[in-house]
Amino acid sequence: MEQRKLGSQGLAVPAVGLGCMGMSEFYGAADERESIATVHRAIDLGVTFLDTADMYGPFRNEELLGRALRDRRDRVVLATKFGNERRADGSWVGINGRPDYVRQACEASLRRLGTDHVDLYYQHRVDPTVPIEDTVGAMAELVRAGKVRHLGLSEAAPATIRRAHRVHPIAALQTEYSLWSRDPEDEILPTLRELGIGFVPYSPLGRGFLTGRFRRPEDLPEGDFRRNSPRFQGENFARNVALLERVRELAAARGVKPSQLALAWVLAQGPDVVPIPGTTTRAHLEENAAAVAIALSKGERARIDEVAPRGAFSGERYPPEAMRRLNL
């Protein structure tokens, strides 16, 4: 598996990681046995950059990874996140970036993951009530204590990234990015490259939309949070499916799956870009890992941009309340 570097502090990861969120929540029911088998298969394939968060489950996803990695911890780069505070019953508390909470959240994550350190620790969402300097200062203390190796941010604005980076080097920024979410190209990516920060796109397959598996909103499982996403509703969904058909045609001409073409496009955006597609099955994991070997020519990339230009897909990526928590 090709290796890429995140940041300037020596963090090396495979070109494609594994997002583990759906193994515990949000995308309908998942099979824990298959999820653990998928994690083990990922390690065998060299997909050893694993991403979770304390809010997934809540807490269950970290616990699941703790079980899956019991005898494999030294073979992976383990990333988790704090800041979206939820209770054990799943109810929402709010965004929390207070220094005391940072320390508490980290200790709890380490306990659930069954490890003495996290390789990459992200602030999941920026707390607008706490100066970013205070939050990152507390995260830096965890680095000095040996409990965290590298720091990251998620869905932060360029000005916030700069302020955080002045407190302690930020290795990676995590933000949604794919053929249907290209906003980071405007300011985020240039800022990261100026500062030497790696980029970790989540949902590089458009929350599964770019796989082509969903033809109607009704195809989404019951209880799937995507049913509340504007992009998966009504006229937005219909317009997006029409655009996806053009991507499918390009993929067929290349002899690959639409998901693989979409992932290859993300990978082609630069050696500092490391997508973390999520999946709950070994079959889909293997398809994603194979995308690393798909080298797109300049002409192919131009054709993809022509078929799926920036801003072409319809609808916001989250409901209004969640959108207000982004880019702070």
Side-chain angles (χ1 to χ4, degrees), residues 5-14 17-21 24 39 43 48-86 88 93 95-127 130-156 160-161 163-174 196-198 200 202 274 276:
K5 291 184 178 179
L6 295 176
S8 58
Q9 304 298 300
L11 178 59
V13 297
L18 174 61
C20 300
M21 180 183 79
S24 301
V39 172
I43 296 171
T48 54
F49 182 31
L50 307 182
D51 183 89
T52 183
D54 56 7
M55 75 162 288
Y56 301 158
F59 315 133
R60 295 196 305 273
N61 199 244
E62 288 183 329
E63 293 168 346
L64 182 148
L65 276 182
R67 292 190 291 275
L69 299 176
R70 190 167 292 135
D71 58 350
R72 295 168 169 83
R73 174 64 183 93
D74 61 346
R75 298 174 61 187
V76 304
V77 176
L78 186 56
T80 192
K81 301 180 282 293
F82 74 93
N84 279 324
E85 188 177 2
R86 296 173 70 190
V93 177
I95 307 297
N96 194 338
R98 297 193 309 271
D100 60 336
Y101 179 74
V102 174
R103 292 185 284 269
Q104 294 168 15
C106 182
E107 291 291 349
S109 288
L110 293 175
R111 183 172 61 253
R112 288 187 289 265
L113 291 164
T115 185
D116 63 356
H117 74 279
V118 172
D119 298 295
L120 179 57
Y121 199 42
Y122 293 97
Q123 182 183 20
H124 207 163
R125 292 291 185 271
V126 174
D127 186 342
V130 178
I132 192 67
E133 291 83 357
D134 293 352
T135 302
V136 175
M139 296 168 71
E141 290 177 6
L142 297 172
V143 175
R144 290 190 288 271
K147 296 178 180 180
V148 170
R149 297 290 190 261
H150 302 274
L151 302 185
L153 301 174
S154 178
E155 294 284 4
T160 303
I161 297 168
R163 290 168 55 197
H165 195 62
R166 284 195 290 267
V167 176
H168 187 280
I170 301 298
L173 178 87
Q174 185 175 123
I197 298 172
V200 179
Y202 71 83
V274 179
I276 50 168

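Atoms considered below: every heavy atom in the structure, side chains included; atoms not considered: hydrogens, waters and symmetry mates. When a residue number appears, it is its place in the shown sequence, counting from 1. These figures come from a predicted structure and were not determined experimentally.
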Looking at every heavy atom in both [X] and [Y], which two are closest together, and how far apart are they?
| X | Y | value |
| --- | --- | --- |
| L78 | T115 | CD2-CG2, 4.4 Å |
| L151 | P169 | CB-O, 4.2 Å |
| A156 | V126 | CB-CG2, 3.9 Å |
| F59 | R86 | CZ-O, 3.5 Å |
| V118 | R73 | CA-NH2, 4.2 Å |
| M139 | Q123 | CE-N, 3.9 Å |

* Asked: Does a side chain donor of either D54 or S109 reach within less than 3.5 Å of an acceptor in the other side chain?
  ->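 The criterion, which ignores hydrogens and geometry beyond distance, is not satisfied for S109 and D54.
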Is it true that a side-chain atom of [X] and a backbone atom of [Y] form a donor plus acceptor pair closer than 3.5 Å?
| X | Y | answer |
| --- | --- | --- |
| R111 | G114 | no |
| S8 | G196 | no |
| Y122 | Q174 | no |

Once you round to the nearest 0.5 Å, how far does [atom1] of [X] lie from [atom2] of [Y]?
| X | Y | atom1 | atom2 | answer |
| --- | --- | --- | --- | --- |
| H168 | Q9 | NE2 | CD | 6.5 Å |
| T160 | L153 | OG1 | CG | 8.0 Å |
| E62 | L64 | CD | CG | 11.0 Å |
| D134 | D100 | CG | CG | 11.0 Å |
| E63 | L113 | CD | CG | 9.0 Å |
| N61 | T52 | CG | OG1 | 3.5 Å |

* Asked: I170 and I161: side chain to side chain contact (heavy atoms under 4.5 Å, CB included), yes or no, with the steps?
  -> CA-CA 8 Å; I170 301 298; I161 297 168; 5.6 Å; no
Decide yes or no for [X] and [Y]: does some side-chain heavy atom of the first lie under 4.5 Å from some side-chain heavy atom of the second?
| X | Y | result |
| --- | --- | --- |
| L18 | I276 | no |
| F49 | D119 | no |
| V39 | L65 | yes |

* Asked: Going through the distances and angles, do T135 and V167 end up as a side chain to side chain contact (heavy atoms under 4.5 Å, CB included)?
  -> CA-CA 10 Å; T135 302; V167 176; over 6 Å; no
* Asked: Do you know which of L6, L11, D51, L50 makes side-chain contact (heavy atoms from CB on, under 4.5 Å) with V77?
  ->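 Of all the options given, the one that passes is L11.
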* Go through the structure and list residues passing side-chain hydrogen bond (donor to acceptor under 3.5 Å, both in side chains) with R103, not counting sequence neighbours. =>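 Result, side-chain hydrogen bond (donor to acceptor under 3.5 Å, both in side chains) vs R103: E141.
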* Any residue meeting side-chain contact (heavy atoms from CB on, under 4.5 Å) with A53, in chain and number order, not counting sequence neighbours ->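 Here the qualifying residues are M55, Y56, K81, H124.
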